[in-house]
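Every chain is numbered from 1 and lettered A, B, ... according to where its sequence line falls, protein lines coming before strand lines. Since this is a predicted model, take the numbers as computed values, not measurements.
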Amino acid sequence: MMETILFWTLAGMAVLSALAVIAFRNPVNSVMALFVTLLVTAGIYLQMGAYGIALFQVIVYIGAVLVLFLFVVMILDLKTPGGWSVFSSRTLAMGTAGFLLAGGGAWFAWRAPGFPWTEAPAGAPGPGPAIREIALDLFTRHLLVFELTSVLLLAAAVGAVLIGRKERNRP
Amino acid sequence: MNLESVIFTGIVLFIIGAAGFFLRGNAVVLLLCIEIMLNAVNLVLAGFARYLYGTEGQVFVLMIMTVAAAEAAVGLAIVVALRRLLGTTDMNRIHFLKG
């Protein structure tokens, strides 16, 4: 019971902060709202027993990617006139109505008899895979993908430098 | 808390990210919406890894995180180049491909 309450609290915070990301007019506020989303998602990972994923979420996403976003927003110095939100009250009302309609349809489809939904394994789940098993799996069966990832990162780094540099002798 | 609620949360987050991608015009916010969508997919994959007793889900999450970091680096470089060349990051005012 406690676990359920905690999960839905975290999930609600994730959804609300994700809505805040697309509603804020100032990009700095959007980045900060995404910070909350990613941190709360790391909390859900912790609750699911995926400790390694939560660790990498905090280090890679929040520590590297979001700081990069903040730097770029700072460099670009985006001017944001107007109010705090990009949506008018009419747009918000229409979005809420559309969300309720789609959610109601999904709910009825979910509850309908004969909906092709495979049963989840019964009973409380045991402890998830430990980080040792994940590492063994990653470095044996998925070793080729792991090595290809390094090529991808190298290509992305070179490409980012090439795109972002200042061209001196443009015709 | 079961598999259905994790999938439901992932679907809602993905819908929010996709809606934001089509509603917003600022290029930086578009990249943030892509991050929301990738994060929703990560959540669903980790949920499957938890409830179906496999390690593949978490391995895929690691790969998606790597791809997301690479995508953010290249995307932000493109945004900086756009700002320098055109003086704007508003995608509604960039009409390169308009015939």
Over all heavy atoms of both residues, which pair between [X] and [Y] is shortest? Give the atoms and the distance, please.
X: Ala42(A); Y: Ala54(A); answer: O-CB, 3.6 Å
X: Val79(B); Y: Ala27(B); answer: CG2-CB, 3.8 Å
X: Leu38(B); Y: Ala68(B); answer: CD1-CB, 3.6 Å
X: Ser5(B); Y: Trp8(A); answer: CB-CZ2, 3.2 Å
X: Gly10(B); Y: Leu43(B); answer: N-CD2, 4.2 Å

Among [options], which has the most heavy-atom pairs under 4.5 Å with chain B?
options: Leu66(A), Leu136(A), Thr149(A), Ile5(A); value: Thr149(A)
options: Leu38(A), Val65(A), Ile53(A); value: Ile53(A)
options: Leu76(A), Leu68(A), Ile75(A); value: Leu76(A)
options: Leu152(A), Leu19(A), Leu6(A), Val60(A); value: Leu19(A)
options: Phe71(A), Tyr45(A), Phe146(A); value: Tyr45(A)

Chain A contact via [X] - side chain, backbone, both or neither, heavy atoms under 4.5 Å:
X: Phe21(B); value: neither
X: Phe60(B); value: side chain
X: Leu23(B); value: side chain

Measure [X] against the heavy atoms of chain B and call it side chain, backbone, both or neither at under 4.5 Å.
X: Val161(A); value: neither
X: Val73(A); value: side chain
X: Val15(A); value: both
X: Ala64(A); value: neither
X: Phe56(A); value: both
X: Arg165(A); value: backbone
X: Ile163(A); value: both

### Message
Distance check, rounded to the nearest 0.5 Å: Thr66(B) atom OG1 versus Glu71(B) atom CD?
### Response
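CD of Glu71(B) is found 12.5 Å from OG1 of Thr66(B).
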
### Query
What distance separates Asn42(B) CG from Glu35(B) CD, expressed to the nearest 0.5 Å?
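These two atoms lie 10.0 Å from each other.
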
Heavy-atom pairs under 4.5 Å with chain A - which of [options] has more of them than the others?
options: Asn39(B), Leu13(B), Leu31(B); result: Asn39(B)
options: Ile11(B), Leu76(B), Val74(B); result: Leu76(B)
options: Leu32(B), Val80(B), Val59(B); result: Leu32(B)

### Query
Any side-chain heavy-atom pair from Thr89(B) and Val28(B) closer than 4.5 angstrom?
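When only atoms from C-beta onward are counted, Val28(B) and Thr89(B) do not touch, as no gap falls below 4.5 Å.
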
### Message
Within the 4.5 Å heavy-atom criterion, are Val6(B) and Phe48(B) side-chain neighbours or not?
### Response
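No, every pair of side-chain atoms sits at 4.5 Å or beyond.
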
### Message
Under a 3.5 Å distance rule, please check whether Arg24(B) uses its side chain to pair with a backbone N or O of Val29(B) as donor and acceptor.
### Response
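No, the answer is negative, given that no donor and acceptor are paired below the 3.5 Å cut-off.
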
### Task
Consider only side-chain N and O atoms of Asp137(A) and Gln58(B), and report whether a donor and an acceptor are under 3.5 Å apart.
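No - no donor-acceptor pair under 3.5 Å links their side chains.
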
